[in-house]
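Atoms within a ligand are numbered from 1 in the order they appear, just like the ligands themselves. A quick note: this is a predicted structure, and the numbers were derived from the prediction, not measured.
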Amino acid sequence: MSDIIIIGAGTAGLSAAIYALRAGKSVLIFEGLSVGGQIINTPDVENYPGIAHTSGFEFANGLFEQAKSFGAELKREAVKELIDEGAVKRVKTDKGEYEAKAVILATGAKNRPLGLEREQEMVGRGVSYCATCDGMFYRGKDVAVAGGGNTALEDAQFLSGYCNHVYLIHRRDAFRGDQKNVSLLQARDNVEFVLNANVTALEGEKRVEGVTVTDKFSGETRTLAVSGLFIAVGQMPANEAFANVVKLDDKGYIVADESCTTGTPGIFAAGDCRTKEVRQLTTAAADGAVAALAAGKYIDSLA
Ligand code: NAP
């Protein structure tokens, strides 16, 4: 039996692993997708204190290597169920069953879809949720980005380096993302803002050949001829599998405060998967530390 099972190998989960291992606890991490979590899709990280500039991929890789150097064990298995038997927590994955004294949920969040007809069908055929992964396939082409947060702004910036023309479509006229990112885009000749507008349809049979946008006020529609639509309208949690052991809020985030305790003894929540105001690398890392130390204290109290 492991001391602590960590579900999710993003910034929160890997930070928790480092703190737990340094506190002398054994750790088993489960990750069903890519190690590193959401940050691997960010080309430039410039807001992590002490690191002037790095890429998301490098950051995540460094964190993983650091966790491994302290003895972290990772299993690439998707967790399907968590059963709370008091002093024993049972974790069922797509490949097996494991036990731990404590569990840290660090499941992060997944991309929110726009909800367009044929959106999922067209993923890989012009629809993408990751500009840094797929942007190079659109070199020299016209593309659109939907969203108004930092992800959309950074995606538009990244794509403007490869693509002929980039439409940035946002449902309001004010951006949620940083003004610094907005200013950078305003200075680019090949970026065009389409504001107070929503993408309402995908055009093209086998591949995306355009997007229809509808003006929020006039209701007028027009079609932008683009080969790709990059959707960056935020994230949503993926905690359904844990609803039997921890309380979820109305949006599906795990109810836990800054102490990362969930209300279920021995089960903790860290990072973007829990209720919180600010979801950043720094807050994910901080949660990892807090959850790991709390889990260690909980385990010591069992003895
Ligand atoms: P976000 O900040 O939640 O922004 C989501 C954007 O999508 C908002 O502008 C929102 O519009 C729009 N949106 C949501 N649902 C929509 C819908 N159904 N139709 C049309 N538009 C919709 O998400 P994010 O940009 O992914 O960023 C997540 C967090 O990561 C943020 O805290 C962000 O600052 C952070 N981040 C930081 C960096 C960095 O510092 N380098 C990079 C990327 C992300 P409204 O504004 O109208 O609500």
Checklist entry - Which of these, Val233, Asn150, Ile231, has its nearest heavy atom closest to atom 21 (N) of ligand 1? => result Val233
Item to check | Rounded distance [0.5 Å steps], NZ in Lys80 versus CZ in Phe242 | outcome: 10.0 Å
Checklist entry - Considering only the protein, which heavy-atom contact is closest to atom 23 (O) of ligand 1, and what is its distance? => result Gly234 CA, 3.4 Å
Checklist entry - Are any of the side-chain heavy atoms of Ser2 and Ser26 separated by less than 4.5 Å? => result yes
Item to check | Shortest protein contact, atom 35 (C) of ligand 1 (heavy atom only) | outcome: Gln280 NE2, 3.5 Å
Checklist entry - So, do Ile4 and Ile299 sit near enough that their side-chain heavy atoms are less than 4.5 Å apart? => result yes
Next on the checklist: Could you work out, for atom 24 (P) of ligand 1, the closest of Thr151, Asn47, Val45, Thr282 by heavy-atom distance?
Outcome noted: Thr151
Checklist entry - Heavy-atom contacts under 4.0 Å between Glu46 and ligand 1: side chain, backbone, both, or neither? => result neither
Checklist entry - Which atoms from ligand 1 have a heavy atom of Arg172 less than 4.0 Å away? => result 45 (P), 46 (O), 47 (O)
Item to check | Closest approach of any protein heavy atom to atom 29 (C) of ligand 1, naming residue and atom | outcome: Arg279 O, 3.9 Å
Checklist entry - For atom 1 (P) of ligand 1, which of Glu277, Arg176, Glu154 has the closest heavy atom? => result Arg176
Next on the checklist: Pairing donors with acceptors under 3.5 angstrom, does anything connect the side chains of Asp272 and Gln235?
Outcome noted: no
Item to check | Protein contact to atom 28 (C) of ligand 1 [nearest heavy atom, distance to 0.1 Å] | outcome: Gln235 OE1, 3.5 Å
Item to check | Heavy-atom pair of closest approach, residues Val226 and Ala144 | outcome: CG1-N, 4.0 Å
Checklist entry - Side chain, backbone, both or neither: which part of Leu114 comes within less than 4.0 Å of ligand 1 when only heavy atoms are counted? => result side chain
Next on the checklist: If we ignore hydrogens and angles and just use 3.5 Å, is the side chain of Ser227 paired with the main-chain N or O of Lys141 as donor and acceptor?
Outcome noted: no
Checklist entry - Does an N or O from Ala152, backbone or side chain, lie closer than 3.5 Å to an N or O of ligand 1? => result no
Checklist outcome for this item: To the nearest 0.5 Å, atom CZ of Phe230 lies from atom OG1 of Thr151 at 13.5 Å
Item to check | Contact check, His170 vs ligand 1, heavy-atom distance below 4.0 Å | outcome: yes
Next on the checklist: Here's a test for you: under side chain to side chain contact (heavy atoms under 4.5 Å, CB included), which of Val211, Val194, Val233 qualifies with Val199?
Outcome noted: Val211
Item to check | Side-chain heavy atoms of Met1 within contact of Lys101, under 4.5 Å | outcome: yes
Next on the checklist: Give me the residue, atom name and distance of the protein heavy atom closest to atom 16 (C) of ligand 1.
Outcome noted: Arg171 NH1, 3.3 Å
